[in-house]
Each structure stands twice: as C-alpha cells, then as structure tokens.
Amino acid sequence: MSASILDDMAAIVGPRNIVTDADAMVPYLKEWRDLFRGKAQAVVRPGSTAEVSELVKLAARTGTRLVPQGGNTGLVGGQIPTAEGREIILSLQRMDKVRAVDAQSDTMTVEAGLSLQKAQAAAEAAGRLFPLSLASEGSCTIGGNLATNAGGTAVLAYGNARELCMGLEVVLADGRIWNGLRQLRKDNTGYDLKNLFIGSEGTLGIITAAVLKLFPLPAARATAFLAVPGPDEALALLNAAKAGAGGTLTTFEIMPRIGLDFVLRHASGTRDPLSGPSPWYVLMEVSAQSATGLDEAVAAFLGDAMEQGLVTDAALAGSLTQRADFWKLREMLSEVQTYEGGSIKHDVSVPLHAVPEFLTRATAAVEAMVPGCRALPFGHMGDGNIHFNVSQPIGADKAAFLAGWSAMNEAVHAIVSELHGSISAEHGIGRLKRDLLPGVKDAVELDLMKTLKTTLDPQGILNPGAVLQI
Ligand code: FAD
Ligand code: ZN
C-alpha cells in the first residue's frame with residue numbers, strides 16, 4: 001500500500017488518530033479467544049460520520065480494504081483482518097456520543113462507538129431501560145451489537161439488537177452517507193434497508209449511528225437461582241413461567257453442574273447459593289411495573305413448580321448484592337472455561353421443543369468422539385440458544401484436542417440441522433463460520449446474499465472475506 005494513502009487518511013482524522021506502530025496495533029489484531037490474529041497496514045480512528053465518509057471515499061478510490069471494528073469482543077473473528085496484512089482497521093471507538101435521548105418517544109440516538117454499558121446508563125439517566133444485555137457490555141459497542149445483531153440475556157422479553165433499533169446512519173461502500181435515523185414505530189415506505197445492515201457484520205456498510213428503542217424501567221425485579229432435574233423440566237418450567245410467574249419473564253438461562261463447578265473453582269468471590277448439588281440450574285428473572293408484590297408472586301410460582309417436580313431447590317435474591325452474585329455465576333461461565341484447558345465452541349439454536357433432545361444427542365456425540373471430554377452446554381434456553389461448549393479431557397494435550405475443532409463442529413452441527421436449527425444463533429458468521437455457510441444455507445438464499453454484497457460493495461472493500469467468500 002502506498003504511504004500516500006496513509007498520509008491522506010492521517011490528513012482526514014489527524015495524525016494522532018492513525019496507528020501504525022506494531023506494538024500499539026496489537027490490541028486491535030487479536031481477539032478475546034485468541035482464535036484469530038491478523039495483520040494490518042494501520043488502525044484509523046475517525047471522530048465523526050463526515051470523517052468516516054471521507055475515509056471510505058478514499059478507500060473506494062484506491063481499492064483499499066477496510067475492516068470495521070467496535071469493541072473487539074466479537075466471537076467469530078469478523079473484526080480481525082486477515083493475516084495477509086493488506087487491510088486497514090476502521091475503529092469506531094472514538095465515535096461515542098449520545099446525540100439525543102427522547103424520553104417522550106422512548107428513543108435514544110447514539111453513535112456507533114458508544115459502549116453498550118454507557119448506552120444502558122444514558123437510558124437509565126432518563127428513567128428508561130435499554131434492555132440489550134451481554135456479558136461483554138463494558139467493552140462491546142452499539143455499532144458492533146447492530147452489525148452482529150447481538151442477542152444476550154434479555155431477548156426473551158425484548159428481542160435481539162435488530163428489534164431494538166428503529167433507525168440507522170450508515171456510510172456506504174462509496175462513501176455516501178445514508179441518513180436513516182428515523183424514530184418511527186410505523187414506516188412502510190418501501191424496502192427495509194435498516195434490517196439489511198443489521199447483522200451484516202461490516203460487509204455492506206459502516207454503521208455510524210443508530211436510533212435505539214427504550215422501555216419503561218421495571219419497578220421491581222425478582223431473580224432466582226434454581227436447581228432443576230434436567231432440560232425437560234427446565235423446558236416445562238420455561239413455559240409455565242412465560243404463562244405467568246408473577247410478572248414478565250425477562251431471563252431464562254440454563255447451566256449444568258459442571259459449569260457451576262468451573263465458576264466456583266475459578267471465579268473469586270463466588271459461592272453456591274443452594275445447599276446441595278443438582279445436575280442442572282436455571283437463572284430466572286421476572287420483572288414488573290408494580291413496586292410491590294413481585295417477590296411473593298414469584299415465590300408462589302416457584303412453590304407450585306416444586307410441587308410439580310420441575311424445581312428441586314430455589315434461592316430468590318433478597319438484595320441487589322445477592323442478585324449481582326447470582327448473575328455473576330452466569331456471566332463468568334465463558335471466562336472460566338479458559339482455565340480448564342482447550343474448549344471447542346458452538347453457538348447454536350433449535351426450536352424450543354427440541355432443546356432437551358439436542359442436549360442429549362450432542363452430549364452423547366461429543367463424548368463418543370473424545371472420551372473424557374467435558375460438555376458444558378449453557379445459555380439462553382428461553383431463546384432455544386445453547387452455547388454448546390466442550391472442554392478438553394483433564395490432563396489431555398490442548399493442541400491435540402483443539403485440532404478436533406472442525407470434526408466436532410461437524411458432528412454437533414449435523415444434529416442441529418436434523419433438528420431444523422441454526423449453526424450461528426447470535427454470534428454471527430464472521431471468518432470462523434464462513435466456510436460452513438454454504439453447507440447450511442439454502443442455495444437461493446446464499447445467491448441473494450452474494451447479489452446484495454456485490455451490489456452494495458462492488459469492489460469488495462468492506463470487510464472482505466467475512467461472512468461470504470466472493
Ligand atoms: P466487534 O467485535 O468490534 O465487531 C464485530 C463485528 O461487527 C465485526 O464483523 C465488525 O467488522 C463489525 N462491526 C463492528 N462495528 C461496526 C460498525 N460500526 N459498522 C459496521 N460493522 C461493524 N454476543 C451475543 O450476541 N450475546 C451474548 O450473550 C454475548 N456474550 C458475550 C460474552 C463475552 C464474554 C464476549 C467476549 C462476547 C460476547 N458476545 C455475545 C459477542 C460480542 O460481544 C458481540 O458480538 C458484540 O455485539 C460485538 O460488539 P463489538 O463492538 O465488540 O464488535
Ligand atoms: Zn450468549
């Protein structure tokens with residue numbers, strides 16, 4: 001790449017906002033799980049939509065490839081450039097303003113680089129709830145959340161990122177700015193372009209700002225950590241809780257005993273809220289708009305569930321600290337696996353009725369493939385979305401275990417397909433699952449995706465090689 005392109009970029013963003021030093025670039029070039037390490041010509045950090053537009057115009061003129069990056073918490077490598085080193089990382093992190101909070105319309109307009117946690121706080125300061133909630137919320141950005149159509153732990157009640165977005169501002173591959181920052185709950189004026197960019201993982205345009213949907217802050221929340229005999233009972237409990245647990249069911253997360261064991265072993269300050277072990281657990285949260293009576297209603301619901309044998313033991317959080325303690329048991333689940341050696345991951349979804357069958361069959365399949373491996377399926381049972389992670393056998397060689405990643409994926413994904421599920425429920429395709437896509441996508445659908453990509457980004461300069469190989 002000619003030095004003059006970098007000089008021209010520096011002229012757009014200011015020399016302080018272009019990083020070319022190898023050490024300073026390192027944090028942008030590797031990701032959380034260390035599955036991907038890339039190389040880049042530079043990291044460029046625009047401060048405004050106009051600067052993004054100028055940068056993309058320059059890239060289009062010179063055929064320069066750009067990899068958009070937000071908080072770099074993505075789990076499928078879409079934000080990491082390839083090892084060839086031909087790309088430039090376009091980091092949106094400096095674009096972190098809250099442009100407007102409109103409590104009357106229940107909307108908030110924010111820039112793409114704002115962290116999810118700061119977006120939640122801005123809503124709360126206006127007496128509103130922005131419900132998207134992920135364990136990575138301190139680092140991930142609204143732009144990244146929308147580019148990946150993130151899910152998380154409140155999808156059950158509020159939907160995923162797509163359902164929480166009313167409008168977008170996007171810089172297109174030719175540098176033009178599409179201002180679609182609408183605050184409209186109803187707008188049937190043609191194609192829904194916003195939903196094309198949401199979930200496109202930086203391959204169709206650069207999201208620079210968004211209008212987000214806000215909700216009333218719940219007046220009360222009840223959080224329970226429950227022992228359940230197995231996934232069948234958890235499914236029956238889920239359906240009973242949806243029908244009426246004393247309020248709106250907002251969270252229903254499942255984890256096996258081995259998950260709790262890992263957390264208790266590796267996460268400081270954690271303890272088992274229940275007195276004896278159970279094969280499975282559910283973290284359940286119910287919210288209500290009335291400040292009184294929720295705990296009693298949830299306790300009565302759990303009493304019934306215990307009589308029916310759906311729950312064998314229960315702890316209801318009695319304080320905000322206890323609530324945070326219960327949540328920590330769930331939120332630490334991803335991190336603690338790293339202390340148990342290699343772990344092979346799957347982010348899958350199946351229809352709700354098939355979750356128990358999936359868990360039984362997938363566990364049997366991986367145990368047959370690698371005797372002694374430790375299946376740790378956990379996650380968003382309320383959405384039929386299981387993070388089917390498998391830790392290496394104790395004492396096994398990590399590299400040898402991880403060498404079986406693709407074979408294990410294939411076996412698990414085959415079961416997912418038979419159950420009419422998805423091989424990427426919420427993390428996206430990125431680079432990790434790109435080559436799996438043709439095997440699971442309808443040929444017509446894949447063809448339409450390619451048509452859209454080549455129409456919106458004919459030179460292939462936006463996140464090349466992510467999602468689709470063209
Ligand atoms: P990045 O990682 O920087 O980028 C992700 C993708 O979006 C890349 O393809 C990138 O090119 C593109 N992109 C980023 N910003 C833009 C932009 N402004 N315009 C266009 N494209 C852009 N995900 C879930 O869905 N649910 C979970 O529960 C969840 N839990 C997690 C827990 C942990 C501990 C971690 C580490 C991750 C978790 N994730 C989860 C994954 C991750 O946090 C989400 O995918 C998140 O939405 C990524 O946001 P980001 O800002 O970090 O994006
Ligand atoms: Zn998740």
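Start at 1 and go down the list; that is how both ligands and their atoms are numbered. All values below come from the heavy atoms of this structure, side chains included, with hydrogens, waters and symmetry mates left out. What you are looking at is a predicted structure, and each value in this text was computed from that prediction instead of being measured.
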Report task. Classify the angle between the aromatic ring planes of Phe225 and Tyr281 as parallel (below 30°), tilted (30 to 60°) or perpendicular (above 60°). Result -> parallel

Report task. Would you mind listing every salt bridge (Lys or Arg N to Asp or Glu O under 4.0 Å) that reaches into residues 425-437, with sequence neighbours excluded? Result -> none

Report task. Decide, yes or no, whether a salt bridge links Lys30 with Asp34 under the criterion of side-chain N to carboxylate O below 4.0 Å. Result -> no

Query raised in the report: Between atom CD1 of Ile423 and atom CD of Glu410, what is the distance when rounded to the nearest 0.5 Å?
Result: 11.0 Å

Report summary line: In chain-and-number order, ligand 1 lies under 4.0 Å from a heavy atom of each of Trp32, Pro68, Gln69, Gly70, Gly71, Asn72, Thr73, Gly74, Leu75, Gly78, Gln79, Leu92, Ala112, Leu134, Ala135, Ser136, Cys140, Thr141, Gly143, Gly144, Asn145, Ala147, Thr148, Ala150, Gly151, Gly152, Glu201, Gly202, Gly205, Ile206, Ile207, His380, Glu426, His427, Asn463

Report task. I would like to know whether Gln337 and Ser391 meet side-chain hydrogen bond (donor to acceptor under 3.5 Å, both in side chains); could you show each step before the answer? Result -> CA-CA 7 Å; Gln337 290 163 55; Ser391 284; 5.0 Å; no

Report task. Sequence neighbours left out, what passes side-chain hydrogen bond (donor to acceptor under 3.5 Å, both in side chains) with His346? Give chain and number order. Result -> Asn409

Query raised in the report: Would you call the rings of Phe378 and His387 parallel, tilted or perpendicular, where under 30° means parallel and over 60° means perpendicular?
Result: tilted

Requested in this report: Provide the tally of protein N/O/S atoms nearer than 2.8 Å to the Zn ion (ligand 2).
Outcome: 3

Query raised in the report: Salt-bridged, Asp272 to Arg257, with N to O below 4.0 Å?
Result: yes

Query - pair Val355-Leu235: side-chain heavy atoms closer than 4.5 Å - result: no

